[in-house]
Visitor: 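This is the structure I have questions about; it appears just below.
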Amino acid sequence: MDKHYDPKAVEAKWYPIWENTGAFKPSGTGKPYSVVIPPPNVTGILHMGHALNDTIQDVLVRWHRMRGDDTLWVPGTDHAGIATQNVVEKALRKEGKRRQDLGREAFIERVWEWKKQYGGTIVKQLRALGCSCDWSHERFTMDEGLSRAVAEVFTEMYEKDLVYRGNYIVNWCPRCGTALADDEIEHEPNHGHLWYVRYPVVGSALGVKGEAYQDYIMVATTRPETLPGDTAVAVNPKDERYLHLHGKTVILPLTGREIPVLPDDYVEREFGTGIVKITPAHDPNDFLVGKRHGLEEINIMNGDGTMNELAGAAYAGLDRFACREKIVADLDVGGFLDHVEDYDNQVGHCYRCHTVVESRLSKQWFVRMKPLAEKAMEVVRDGRIVFTPKRYENTYFNWMENIRDWCISRQIWWGHRIPVYTCECGHEWAATEKPSVCPKCDAGADKITQDPDVLDTWFSSWLWPFSTLGWPDKTADLARYYPTTDLCTAPDIIFFWVARMIMAGCRFMDDVPFRNVVLHGVVRDAQGRKMSKSLGNSLDPLEIIGKYSADALRFTLMQTTSPGIDVFISMDKFEIGRNFGTKIWNAARFIQMHAQKVEGFSFADYAGGSGGCKPHVGAGTALSLDDRHILATADAALAAMDTALAGYRFQDAALAAYDFVWSQFCDWYLEEAKRDLYGDDPARRAQVVGILAEVFGRALRMIHPFMPFVTEEIWHQLGYASSDEETISHAPWPKPFAAEQKAAWGIDEDVRAYVNARHDLITAGRALRSSISALKPSDKVAFVVSAKTAEAADRLRAETESLAGFLGASGVEVLCGETLSGMPSADTALGTVALKLEGSVDAEAEKKKAQEEIAKLEGFLRTVEAKLGNETFLGKAPAAIVEQQKARKEELLADLARKRALLVSLG
RNA sequence: GGGCGGGUAGCUCAGUGGUUAGAGCCCUCGGCUUACACCCGAGUGGUCGCGGGUUCGAGUCCCGCCCCGCCCACCA
């Protein structure tokens with residue numbers, strides 16, 4: 001193996017091999033485990049949110065695959081209607097053309113060309129991340145099959161009256177010329193004004209000009225340009241200031257129209273003057289007020305944001321912002337404008353082109369959501385779908401209970417065209433295929449027109465879990481892999497995606513789309529800001545892969561993420577993942593180096609295959625304590641990982657693997673193994689190599705879901721794989737050692753506890769050495785150990801001898817139950833270890849240290865004694881806890897005695 | 001305004017009512033020891049946001065408050 005690991009070369013090498021050998025195709029045998037990817041926008045490039053989301057899925061998928069499940073991960077992309085259309089329009093603009101110049105068909109052709117050329121970016125990037133998707137199942141929301149699913153669903157809903165066309169107030173982008181869903185609006189702070197306008201009260205007006213009015217009401221507005229569309233003013237019904245106005249009418253300035261004063265709860269008394277002008281056609285709340293009171297809706301604006309003739313001859317044709325200025329000026333001239341205040345508020349912008357969004361009355365298609373929501377709530381309530389973390393179920397219910405109809409039509413060209421047709425006689429129907437004749441009047445194809453609008457992009461995404469598996473056909477995939485198992489996403493799309501998928505699954509498949517919803521956090525920068533292009537604070541996953549490797553990116557993300565908690569990340573964090581990869585690589589080199597010295601040694605015997613053939617592990621002499629300890633620790637680490645992964649706690653799983661490999665295997669076992677590996681007993685050498693191969697083979701497989709590339713490379717370099725085609729991703733996930741094997745090898749919790757205590761002893765010895773400031777290399781040291789019990793003394797003798805060897809001490813003296821005085825010492829689970837010096841000791845420093853420790857111990861002792869003197873504690877605490885405290889007290893007393901004696905001997 | 005999350009070491013975060021609250025990074029000290037300096041060893045560093053309460057025992061449970069963040073609604 002090379003001295004330095006080269007992730008670039010290794011990562012570039014493996015993905016094509018995996019893909020070409022079909023490593024990620026479902027096996028067809030075992031328990032089905034399936035996941036559909038949240039389809040990224042086809043225009044998208046991989047950002048940190050994807051990296052987190054897709055790594056989580058890949059960890060789950062690889063884990064299940066290794067466990068022998070029939071694993072399918074369906075990848076794909078979303079056609080992203082408005083986003084994609086904008087990208088192509090932008091390209092067209094460079095040629096000096098608009099989409100209208102090409103016409104609808106040619107434009108769509110252009111979009112497809114664009115998709116063919118550039119649409120594969122994110123899909124390539126998923127490969128760079130190492131995602132083990134089955135690319136033979138790749139889907140695109142505008143694919144023929146998925147389009148058929150969309151038409152099928154729409155037609156069925158049309159016929160069952162689950163969709164309807166209605167005049168409704170929608171968000172409208174005047175530049176894109178389309179309706180936008182609420183989530184396609186970005187609210188941004190705006191420094192605007194509040195204009196205070198006088199509306200004369202009818203029946204008490206005393207003059208013609210504004211100045212002359214003695215009786216008027218004051219209305220505050222941020223949008224004076226909508227004034228010609230006003231059909232009422234409203235006050236809060238409980239506002240005693242305006243009780244006298246109920247039932248009165250006022251004159252709408254500049255128009256002379258008489259409009260009513262209405263009481264409505266929607267009005268806030270505290271805001272402005274407490275009187276609101278109501279413009280039902282241009283404000284969503286006013287629209288609702290209008291509906292409640294049966295007001296007329298006057299649409300005064302064109303789709304491009306200019307005023308129409310209903311705004312009045314003086315304003316028709318003006319842009320909305322020009323019109324605002326003119327109306328303000330006219331109000332002023334007419335004496336209606338009282339004063340102006342500065343006012344900051346939030347204004348909605350189109351998420352694609354950033355134009356200020358207009359609320360506009362228009363004919364749109366809607367889905368009736370209430371009938372779909374019932375069942376979708378039921379399946380979560382009864383546990384057929386489980387959210388992780390559970391608390392998001394509340395968020396889900398909250399939204400579902402207050403669900404509003406879904407506006408699904410968009411006035412753009414790129415997307416699924418609404419399959420609603422009308423013939424010349426006005427017959428209307430929906431159909432999955434383009435009809436050649438009207439089903440009602442025999443009008444021919446040339447007399448039939450299709451609705452020009454397209455469907456909201458989410459209208460295809462909500463079918464994703466079954467449309468990707470072949471629906472509406474009854475495919476084998478659908479039968480085997482639906483419902484899918486896990487759905488992983490960030491909580492911000494619970495509403496417009498997760499909830500809708502659940503509704504669609506229940507409605508069209510009569511079954512849930514997935515069993516578990518796994519919600520992870522949003523990736524943020526070190527300051528806690530959402531990563532975004534406009535802030536320029538995005539970390540580019542590809543840059544990280546280039547600098548640190550995909551494995552490093554993946555591992556760091558996993559060990560940083562907690563369920564449902566946002567991920568704060570900065571560039572240097574990826575060193576953790578990189579360093580871990582390097583550590584594994586070096587451990588592999590070490591193991592290989594020693595394995596080469598064992599004749600006929602084969603790592604393939606330790607690949608976890610059936611048969612459990614491990615010729616060297618049990619051969620010859622019995623296993624050492626260290627051997628048994630690391631095998632037992634491997635088992636514990638495996639259990640910890642399995643539990644964590646089953647609970648979607650990726651951080652815990654990653655940390656369990658990290659701690660096991662680094663702190664346990666490398667820091668302790670490899671070091672301890674060197675004694676035998678560099679020793680002169682060939683049988684024992686072979687045995688140790690066998691244990692290294694067994695434990696490291698397990699470690700590689702356990703880490704593989706997190707770091708697929710480096711583990712695969714080592715798997716082959718060492719020869720766990722018996723051929724080039726064999727992949728670690730198909731190697732079996734480790735199983736706990738069988739009971740008989742554990743009994744034969746002597747693997748149990750006792751050996752873990754004992755060796756852990758021995759490690760404490762060694763650590764204490766090291767600490768002693770480095771804590772003695774006066775110790776010079778020439779000083780000779782010997783260890784003196786005082787065992788707690790006679791029984792422990794025998795064990796301690798052996799332990800301390802190895803400790804002395806470890807630390808270069810000249811000798812060992814074992815005592816039992818005696819107080820060690822005059823020597824720097826440290827306590828461990830096995831006993832007290834002290835250093836006997838044949839050099840000089842800084843008595844003052846030692847004295848000071850001893851005094852500090854005594855003070856500390858006395859403090860603890862007081863706490864424990866207080867507890868043991870407390871009747872209620874003795875009466876109510878569990879016996880085990882009481883015993884624990886009693887033992888603790890004895891220990892503290894003994895420790896104190898030793899320290900005090902030390903202090904005395906130091907003078 | 002409604003809902004949710006967070007506040008624990010300088011930083012990023014773990015922490016299943018029960019010994020003296022942990023990890024990584026940072027920092028200090030000592031080491032190029034023949035897998036690895038992307039390393040090894042040893043340390044320094046905490047009124048667990050504040051105030052009450054429940055309990056034998058609270059970082060952990062309850063109530064109130066203060067900050068930070070997110071989501072939803074709204075801001076005429």
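Hydrogens, waters and symmetry mates play no part in the numbers below; they use all other heavy atoms, side chains included. The sequence lines fix the lettering, A, B, ..., with proteins before strands; numbering per chain opens at 1.
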Visitor: Among the nucleotides B:G3, B:C74, B:G18, which one has an atom lying closest to any side-chain atom of A:Asn285?
Guide: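 Nucleotide nearest to A:Asn285's side chain: B:C74.
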Visitor: Is a side-chain donor or acceptor of A:Thr273 paired with a backbone partner of A:Met218 at a separation under 3.5 angstrom?
Guide: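 Answer holds: yes.
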Visitor: Output yes when at least one side-chain N/O atom of A:Lys390 is less than 4.0 Å from OP1 or OP2 of B:G5, else no.
Guide: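 No, no such contact exists.
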Visitor: From the set B:A76, B:C56, B:G5, return the single nucleotide nearest to any side-chain atom of A:Leu194.
Guide: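 The answer is B:A76, which lies nearest to the side chain.
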Visitor: So which one's nearest nucleotide on RNA chain B is more toward 5', A:Arg578 or A:Lys277?
Guide: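 It is A:Arg578 whose nearest nucleotide is closer to the 5' end.
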Visitor: I'd like the C1' distance from B:C68 over to B:G53, given in whole Å.
Guide: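 My reading of the C1' atoms in B:G53 and B:C68 gives 26 Å.
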Visitor: Can you tell me if A:Thr561 uses its side chain to pair, donor with acceptor, with the backbone of A:Leu557 under 3.5 Å?
Guide: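 Flag not set: sc A:Thr561 to bb A:Leu557 has no pair under 3.5 Å.
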Visitor: With rounding to the closest Å, how many angstrom separate the C1' atoms on B:G10 and B:C56?
Guide: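 Going atom to atom, C1' in each nucleotide, I get 37 Å.
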Visitor: Base, sugar-phosphate alone, or nothing: which one does A:Gln885 contact when heavy atoms must sit under 4.0 Å apart?
Guide: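 Nothing, no heavy atom under 4.0 Å.
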Visitor: Starting at atom CH2 of A:Trp399, determine the distance to atom P of B:C70, rounded to an integer number of angstrom.
Guide: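 So the CH2-P distance, A:Trp399 to B:C70, works out to 22 Å.
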Visitor: Output the single nucleotide from B:A76, B:A14, B:G24 whose closest atom is nearest the side chain of A:Thr222.
Guide: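 Ranking B:A76, B:A14, B:G24 by closest atom to the A:Thr222 side chain puts B:A76 first.
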Visitor: Checking A:Trp585 side chain against A:Asp2 main chain: does a donor-acceptor pair fall under 3.5 Å?
Guide: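 Between the backbone of A:Asp2 and the side chain of A:Trp585 there is a qualifying donor-acceptor contact (under 3.5 Å).
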Visitor: According to the interplanar angle, ranging from 0 to 90°, do the rings of A:Phe665 and A:Phe660 count as parallel (below 30°), tilted (30 to 60°) or perpendicular (above 60°)?
Guide: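 It falls in the tilted class, 30° to 60°.
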Visitor: Once Watson-Crick and G-U wobble pairs under 3.5 Å are found, how is RNA chain B written in dot-bracket notation, 5' to 3', with | for any base paired to another strand?
Guide: ((((((((.[[[[.)..(...]]]].(((((.......))))).....[[[[[..)....]]]]])))))))....
Visitor: To the nearest Å, give me how far apart CZ (A:Phe580) and C1' (B:C36) are.
Guide: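 Roughly 14 Å, once rounded to whole Å.
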Visitor: Can you tell me how far P in B:G41 sits from the matching atom in B:G52, rounded to whole Å?
Guide: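 Comparing P positions in B:G41 and B:G52 gives a spacing of 45 Å.
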Visitor: So which pairs with a foot in residues 577-593 of chain A pass salt bridge (Lys or Arg N to Asp or Glu O under 4.0 Å), sequence neighbours left out?
Guide: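 Found none.
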Visitor: B:U12 P sits how many Å from A:Phe555 CZ, rounded?
Guide: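 Computing the A:Phe555:CZ to B:U12:P distance gives 20 Å.
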Visitor: Among A:Glu358, A:His282, A:Lys277, which one satisfies side-chain hydrogen bond (donor to acceptor under 3.5 Å, both in side chains) with A:Thr226?
Guide: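 Testing A:Thr226 for a side-chain hydrogen bond (donor to acceptor under 3.5 Å, both in side chains) against A:Glu358, A:His282, A:Lys277 leaves exactly one candidate, A:Lys277.
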Visitor: Between B:C38 and A:Thr582, counting only base atoms on the nucleotide and side-chain atoms on the residue, is there a donor-acceptor pair under 3.5 Å?
Guide: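 Answer is yes: a donor-acceptor pair is held.
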Visitor: Would you classify A:Val219 as touching base, sugar-phosphate or nothing, given that sugar-phosphate means primed atoms plus P, OP1 and OP2, and contacts are heavy atoms under 4.0 Å?
Guide: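 Nothing: the residue A:Val219, judged by heavy atoms under 4.0 Å, touches no strand.
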Visitor: Name the residue closer to the 5' end of RNA chain B, choosing between A:Lys3 and A:Ile881 according to the nucleotide with the nearest heavy atom.
Guide: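 Comparing both residues, the 5'-ward one is A:Ile881.
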Visitor: Are any side-chain N or O atoms of A:Glu11 and backbone N or O atoms of A:Asp551, one a donor and one an acceptor, separated by less than 3.5 Å?
Guide: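 The answer is yes, because a donor-acceptor pair under 3.5 Å joins these two groups.
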Visitor: Between B:C26 and B:C66, how far apart are the two P atoms, rounded to whole Å?
Guide: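 Per the computed distance, 39 Å lies between those P atoms.
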Visitor: Between B:A9 and B:U60, how many Å separate the two P atoms, rounded to a whole number?
Guide: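 Here B:A9 and B:U60 have their P atoms 15 Å from each other.
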Visitor: How long is the line joining CD of A:Glu671 and C1' of B:U34, in whole Å?
Guide: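 Distance check: A:Glu671 CD to B:U34 C1' gives 11 Å.
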Visitor: Could you tell me how far apart A:Leu893 (CG) and B:U19 (P) are, to the nearest whole angstrom?
Guide: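 Going from CG in A:Leu893 over to P in B:U19 covers 20 Å.
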Visitor: From the list B:G18, B:C36, B:C4, which nucleotide is the closest neighbour of the side chain of A:Asn586?
Guide: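 Closest nucleotide to the A:Asn586 side chain: B:C36.
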Visitor: Distance between the C1' atoms of B:G43 and B:U34, in whole angstroms?
Guide: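 Approximately 28 Å lies between the C1' atom of B:G43 and that of B:U34.
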Visitor: Between A:Ser663 and A:Asp659, is there a side-chain donor-acceptor contact under 3.5 Å, judged purely by atom types and distance?
Guide: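 Looking only at side-chain atoms, A:Ser663 and A:Asp659 do form a donor-acceptor pair, the distance falling under 3.5 Å.
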Visitor: From the list B:A35, B:G3, B:C56, which nucleotide is the closest neighbour of the side chain of A:Tyr678?
Guide: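 Within the option list, the nearest is B:A35.
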Visitor: Among B:U55, B:A35, B:A42, which nucleotide has an atom closest to any side-chain atom of A:Thr763?
Guide: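 Selected nucleotide: B:A42.
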Visitor: On a whole-Å scale, what distance lies between the C1' atoms belonging to B:G2 and B:G45?
Guide: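 That atom pair is separated by 42 Å.
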Visitor: From the options B:U12, B:G18, B:C4, select the nucleotide whose nearest atom is closest to the side chain of A:Lys573.
Guide: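 Nearest to the side-chain atoms of A:Lys573, counting from C-beta on, is B:U12.
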Visitor: Which part of the nucleic acid, if any, lies within reach of A:Asp283 when heavy atoms closer than 4.0 Å are counted: base, sugar-phosphate only, or nothing?
Guide: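 A:Asp283: no heavy atom of the nucleic acid under 4.0 Å.
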Visitor: OP1, OP2 of B:C40 versus side-chain N and O of A:Trp662: anything below 4.0 Å?
Guide: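 For B:C40, OP1/OP2 do have a side-chain N/O of A:Trp662 under 4.0 Å.
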Visitor: On the 0 to 90° scale, with breaks at 30° and 60°, tag the A:Phe580-A:Tyr658 ring pair as parallel, tilted or perpendicular.
Guide: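 Aromatic pair A:Phe580/A:Tyr658 classed tilted.
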Visitor: When you check the side-chain N and O atoms of A:His759 and A:Glu672, is any donor under 3.5 Å from an acceptor?
Guide: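 A:Glu672 and A:His759 do have a side-chain donor-acceptor pair below 3.5 Å.
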Visitor: With the threshold set at under 4.0 Å for non-hydrogen atoms, list the residues of residues 587-596 of chain A touching RNA chain B in residue-number order.
Guide: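 Close to the strand are A:Ala587, A:Arg589, A:Phe590, A:Met593.
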Visitor: Nearest whole angstrom, please: distance from the P of B:A23 to the CZ of A:Arg649.
Guide: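 Going from CZ in A:Arg649 over to P in B:A23 covers 20 Å.
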Visitor: In whole Å, measure the gap between the P atoms of B:A21 and B:C4 for me.
Guide: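 Looking at atom P only, B:A21 and B:C4 are 32 Å apart.
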Visitor: Which word best sums up how the rings of A:Phe574 and A:Tyr548 line up, parallel for under 30°, tilted for 30 to 60°, or perpendicular for over 60°?
Guide: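 Taking A:Tyr548 first and then A:Phe574, their aromatic rings sit tilted (interplane angle of 30° to 60°).
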Visitor: Reckon A:Leu670 touches a base, only the sugar-phosphate, or nothing at all at heavy-atom distances under 4.0 Å?
Guide: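 Contact class for A:Leu670: base.
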Visitor: Output the rounded distance in Å from OH (A:Tyr669) to C1' (B:A35).
Guide: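 Nearest whole value for this atom pair: 15 Å.
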Visitor: Rounding to an integer number of Å, can you tell me how far A:Asn579 CG sits from B:C25 C1'?
Guide: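 Between C1' of B:C25 and CG of A:Asn579: 11 Å.
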Visitor: Just to confirm, is there a sub-4.0 Å distance from OP1 or OP2 of B:U19 to any side-chain nitrogen or oxygen of A:Lys886?
Guide: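 For B:U19, neither OP1 nor OP2 has a side-chain N or O of A:Lys886 closer than 4.0 Å.
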Visitor: Quick one: does A:Ile298's side chain get under 4.5 Å of A:Pro228's, heavy atoms only?
Guide: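 Not in contact.
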Visitor: Side-chain donor or acceptor of A:Gln559 under 3.5 Å from a matching atom on the base of B:A23?
Guide: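 In this structure, the two groups form no donor-acceptor pair.
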